[in-house]
Protein chains: 2
Amino acid sequence: MPYLTQACPDPEPLDCRILTAALDLFVEQGYHNVSVHEIQSRADVSIGSIYKHFGGKEGIADALYTHILGELDQLVDGIMEQHAAAIERCEAIVAALFRHTETHRNIIAYIFHTKHADFLPQQAHICESSPFLKMRAIVEQGIQQGELRQTDPWVATACIFGGMARLIQLRLDGSIGTPLPHYLEDVLQALWNGMIADKNQDILPSAGAKISKLRS
Amino acid sequence: MPYLTQACPDPEPLDCRILTAALDLFVEQGYHNVSVHEIQSRADVSIGSIYKHFGGKEGIADALYTHILGELDQLVDGIMEQHAAAIERCEAIVAALFRHTETHRNIIAYIFHTKHADFLPQQAHICESSPFLKMRAIVEQGIQQGELRQTDPWVATACIFGGMARLIQLRLDGSIGTPLPHYLEDVLQALWNGMIADKNQDILPSAGAKISKLRS
DNA sequence: GTCTATATCCAGATAGAC
DNA sequence: GTCTATCTGGATATAGAC
């Protein structure tokens, strides 16, 4: 099986070259704008090998999808072993994905920034995949144990990881020039304490009155 | 110009039929999996008319994109006229988009659930479009006036609208069966007050102690 | 197992009649 | 301005030599 996050052995095996070349091309140009010939020439292998190993373009996309979801699953498992509290687990997940966005850009882009249903119709939707189910389970448990606010689990999960996902998208698009880990503290504070300005912050009196009225 | 959110006049003009048919097909199957012939037969017009009016498939996608962004822009403008405070404006936007997701499903899906860069490379990215710039401006102003927490505007905007966007995606995918407006209150509470359980809520003492430690 | 050359298909686009 | 029939390019996929 190919290694994407880890370094590939030397000499790099053929199927690993194919997968990394395809990953880069899919992310750069979009699945439908990439031909098998492009993958072939960038990976420096022949068409025959591609069809022999993966059965075609869709087979490559499928192998990539499965493999990356597996790695993400391992990541979440590792975090669940290291942390017990839901809050800590969520923080560790956000931190890890922010770091991954910088170090393994295309892997994150392929998972978070791609419409898989358009070319892998037989695959279950990503929200139903193992790592994402685990994230929701973490949140659900946090709610049950009183650690997180009593709320619909869908809403809670969307709110906790939605901001993160959005920032990752903006970073991948190039709209944000700063590496994401820089924003980690800000994001977590907004998550747990909300977006309304603290009373002890230096704010205009008029705005403060307005806000108090709104919160009541 | 075609009307997508409003009812089309009767008899429905030809270009309106083409656009609505294309919108439905693009959302259902993905842009690249739709042929001009499919659009043609669903809209019940000839190929010639399509090329005459829009110059091809990409022209249709482009017209849809521009038109829908324009409608979204009007929506945001209307909200900015009705509300002065940033918090109220954000709440109104979330509420409106939740409602639109139920009543104009495919329009929301085309804007929020589609990778436009894959087939409209010349278009600016959606985050740079007028309505989205206005949303960030609203947040930025709220921060400057002390209404919202002092934070990087990118982070603030992502956190405020990220949860909303995620829920819209889940609803469009069919993962969530309940109409989104039902979750509005929950989402807004998580947004402004954060996700940590209130102290006066009924929580386990052990969890409470753990959380206090985490917040310090 | 790997490569080259080739076949097949279908999408996007056009030309010209009405 | 609208339609029908046709063309062309390029993509996926295969067959067969090494």
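Just so it is clear: chains get the letters A, B, ... in the order the sequence lines come, proteins before strands, and each one is counted from 1. All values derive from a computational prediction rather than experimental measurement.
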Checklist entry - Expressed in angstrom and rounded to an integer, what is the separation of Ile50(A) atom CD1 from dT14(D) atom C1'? => result 14 Å
Dump the pairs, protein N or O against N or O of nucleotides 1-3 of chain D, anything under 3.5 Å, distances to one decimal.
from: dT2(D); atom 1: OP2; to: His53(B); atom 2: NE2; distance (Å): 3.1
from: dC3(D); atom 1: OP2; to: Ser46(B); atom 2: N; distance (Å): 3.2
from: dC3(D); atom 1: OP2; to: Ser46(B); atom 2: OG; distance (Å): 2.9
from: dC3(D); atom 1: OP2; to: Ser49(B); atom 2: OG; distance (Å): 2.9
from: dC3(D); atom 1: O5'; to: Ser46(B); atom 2: OG; distance (Å): 3.3

Item to check | Parallel, tilted or perpendicular: rings of Phe119(B) and Tyr31(B) (30°, 60°) | outcome: parallel
Next on the checklist: Using whole Å, what does the distance between atom C1' of nucleotide dA11(C) and atom CG of Asn33(A) come to?
Outcome noted: 14 Å
Checklist entry - What is the distance from CG of Leu25(B) to P of dA11(C), rounded to the nearest Å? => result 13 Å
Item to check | Nearest-Å distance for atom pair NZ/P, residues Lys57(A) and dG10(D) | outcome: 15 Å
Checklist outcome for this item: From CD of Glu58(B) across to C1' of dA13(C) the rounded distance in Å is 13 Å
Checklist entry - If you look only at pairs with a residue in residues 110-120 of chain B, which of them pass as a side-chain hydrogen bond (donor to acceptor under 3.5 Å, both in side chains), with sequence neighbours excluded? => result His113(B)-Asp173(B)
Checklist entry - Any side-chain heavy atom of Ile196(B) sitting closer than 4.5 Å to one from Leu191(A)? => result no
Next on the checklist: Between P on dG16(D) and OH on Tyr51(A), what's the gap in Å once rounded to a whole number?
Outcome noted: 18 Å
Item to check | For atom CD of Gln40(A) and atom P of dA5(C), their distance in whole Å | outcome: 12 Å
Checklist entry - What pairs with Ala96(A) under side chain to side chain contact (heavy atoms under 4.5 Å, CB included), at least two apart in sequence or on another chain? => result Leu75(A), Ile79(A), Arg99(A)
Item to check | Donor-acceptor contact present, side-chain Asn33(B) to main-chain Gln29(B), <3.5 Å | outcome: yes
Donor-acceptor contacts under 3.5 Å from residues 176-187 of chain B side chains, at least two apart:
from: Thr178(B); atom 1: OG1; to: Tyr183(B); atom 2: OH; distance (Å): 3.3

Checklist entry - Out of curiosity, Ile126(A) CD1 to Leu69(A) CG, how far, rounded to the nearest 0.5 Å? => result 5.0 Å
Checklist entry - Can you list every pair that meets salt bridge (Lys or Arg N to Asp or Glu O under 4.0 Å) and has a residue in residues 121-137 of chain B, with sequence neighbours left out? => result Asp73(B)-Lys134(B), Asp77(B)-Lys134(B)
Item to check | Stem list, DNA chain D (Watson-Crick or G-U pairing under 3.5 Å, at least 3 consecutive pairs) | outcome: C:1-18 with D:1-18
